[in-house]
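The chain is numbered in sequence order, starting from 1.
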Amino acid sequence: MNRIDIHGVKIHDVNMNEAIDLINSWINETEITSHAVYTPNSEIIMQAQRSSELKNTLNNANLLVADGAGVVLASKILKTPLKEKVSGVDLAKNLLKAYSGKDVGFYLLGGEPGVADLAAVNIISNYGKVKITGYNHGYFKSEEENDLIDKINSTKPDILLVGLGAPKQELWIHNNMYRLNCKVMIGVGGSIDIFAGKVSLTPEFIRKAGFEWLHRLLREPRRIKRMMDLPRFMLKTIKKRFIGK
Ligand code: UDP
């Protein structure tokens, strides 16, 4: 798989169908081998500039795809265009569709207490016979982590959707994948809130136009600080393209 280097973060150049096919090939393996999937956006790529732990975690993913129009635009500016944006929420939705009626189990981890339960109910009513093996909120203490991992493993999910927000979910998956008996672990950000109907997804035409960041900022003004990384990301990209560093 071709990887495109965006400021030291090596994104796999796959479209949605290719990502689904790859995940499906892992699901069909007879042995349980853990695979990590992350979907960084430009903010996370900027955070990775300041944290080598995060950069290593991202680069060690089995599948790393671009969430966000900004990353795809940067790949074009750098003359190494990515095929398309593959966001965490769209990936999760496509997997739920693909495995509806099949013996492939999902576990939902993340969101405030009560949210993952609601997400599970909504998923079953919207996607038909999806096998949800269990769910847990994402505000557990570190001393509860061993029990949580046992709980997840006891339900034998194939796919673990981890919505703890970035970069917490990526670091959590990376540090725990050796003891999680799931074939695929995906960092899905706020998707569990979206499935629960707690927050609405940014409309597709706004996402396509590259203004998801503005929609989210208006909805959650507290994001302003981390969003300052967006102009920094674009500036860094333009500098790299025209000055070479
Ligand atoms: N969250 C969680 N545990 C935490 C912190 C956050 O489960 O310790 C959840 C939070 O409730 C929300 C999601 O993580 O459902 C973060 O959503 P956001 O849209 O901020 O995701 P990001 O943009 O960071 O990927």
Side-chain angles (χ1 to χ4, degrees), residues 1-6 9-29 34-45 58-78 80-102 104-108 110 119 122-123 126-128 130-132 157-163 166 169-170 173 182-195 199-213 215-216:
M1 251 189 313
N2 189 24
R3 297 188 84 156
I4 305 284
D5 188 324
I6 309 282
V9 175
K10 299 181 177 80
I11 312 273
H12 288 110
D13 187 22
V14 291
N15 61 26
M16 179 62 80
N17 287 338
E18 290 165 335
I20 298 285
D21 285 350
L22 183 62
I23 292 173
N24 194 42
S25 72
W26 296 333
I27 296 292
N28 288 326
E29 286 173 0
S34 302
H35 299 87
V37 180
Y38 312 128
T39 71
N41 59 15
S42 30
E43 290 166 28
I44 302 309
I45 292 178
L58 295 175
N59 285 334
N60 276 308
N62 301 89
L63 177 62
L64 194 65
V65 285
D67 186 337
V71 181
V72 176
L73 177 62
S75 73
K76 289 180 183 155
I77 293 172
L78 295 170
T80 46
L82 282 161
K83 285 180 189 158
E84 71 178 0
K85 182 185 90 165
V86 181
S87 73
V89 66
D90 289 339
L91 193 57
K93 283 182 174 180
N94 280 295
L95 289 170
L96 291 167
K97 254 187 242 161
Y99 294 124
S100 173
K102 306 240 166 73
V104 173
F106 290 80
Y107 192 102
L108 312 178
N122 288 348
I123 285 170
N126 293 332
Y127 293 87
V130 175
K131 184 171 162 192
I132 306 281
D158 297 279
I159 300 178
L160 176 62
L161 299 181
V162 185
Q169 61 202 9
E170 288 78 5
I173 292 174
C182 323
K183 291 176 175 170
V184 183
M185 280 147 268
I186 312 177
V188 293
S191 305
I192 295 175
D193 286 348
I194 292 170
F195 288 125
V199 295
S200 53
L201 191 58
T202 306
E204 185 58 25
F205 76 95
I206 299 181
R207 293 206 284 160
K208 278 231 165 88
F211 285 103
E212 184 171 10
W213 62 273
H215 183 257
R216 296 199 71 175

Keeping the roles fixed (side chain from [X], backbone from [Y]), state whether a donor-acceptor pair exists under 3.5 Å.
{"X": "D90", "Y": "V86", "answer": "no"}
{"X": "K183", "Y": "E29", "answer": "yes"}
{"X": "N15", "Y": "E84", "answer": "no"}
{"X": "D21", "Y": "N24", "answer": "no"}

So do the side chains of [X] and [Y] get within less than 4.5 Å of each other, counting heavy atoms only?
{"X": "Y127", "Y": "F106", "result": "no"}
{"X": "L91", "Y": "I23", "result": "yes"}
{"X": "L64", "Y": "R3", "result": "yes"}
{"X": "W26", "Y": "D158", "result": "no"}
{"X": "L22", "Y": "V14", "result": "no"}
{"X": "L63", "Y": "T39", "result": "no"}
{"X": "V184", "Y": "V37", "result": "yes"}
{"X": "I20", "Y": "L95", "result": "yes"}

How long is the straight-line distance from [atom2] of [Y] back to [atom1] of [X], given to the nearest 0.5 Å?
{"X": "T202", "Y": "E212", "atom1": "OG1", "atom2": "CD", "result": "4.0 Å"}
{"X": "M185", "Y": "Q169", "atom1": "CE", "atom2": "CD", "result": "13.5 Å"}
{"X": "L58", "Y": "K10", "atom1": "CG", "atom2": "NZ", "result": "11.0 Å"}
{"X": "K76", "Y": "L73", "atom1": "NZ", "atom2": "CG", "result": "7.0 Å"}
{"X": "I6", "Y": "I77", "atom1": "CD1", "atom2": "CD1", "result": "9.5 Å"}
{"X": "N41", "Y": "K85", "atom1": "CG", "atom2": "NZ", "result": "10.0 Å"}

Minimum heavy-atom separation for [X] and [Y], please, with both atom names.
{"X": "A92", "Y": "V188", "answer": "CB-CG1, 4.3 Å"}
{"X": "N62", "Y": "M1", "answer": "O-CE, 4.1 Å"}
{"X": "I186", "Y": "I173", "answer": "C-CD1, 3.9 Å"}
{"X": "M16", "Y": "S87", "answer": "CE-O, 4.5 Å"}
{"X": "A166", "Y": "I44", "answer": "CB-CD1, 3.4 Å"}
{"X": "G88", "Y": "S191", "answer": "C-OG, 4.2 Å"}

Inset, instruction - Would you sort out whether Y99 and I159 count as a side chain to side chain contact (heavy atoms under 4.5 Å, CB included), showing the intermediate values? - result: CA-CA 11 Å; Y99 294 124; I159 300 178; 3.9 Å; yes
Legend entry - Any side-chain donor near an acceptor of the partner, D67 and Y38, under 3.5 Å: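 Side-chain D/A pair, D67 to Y38: absent.
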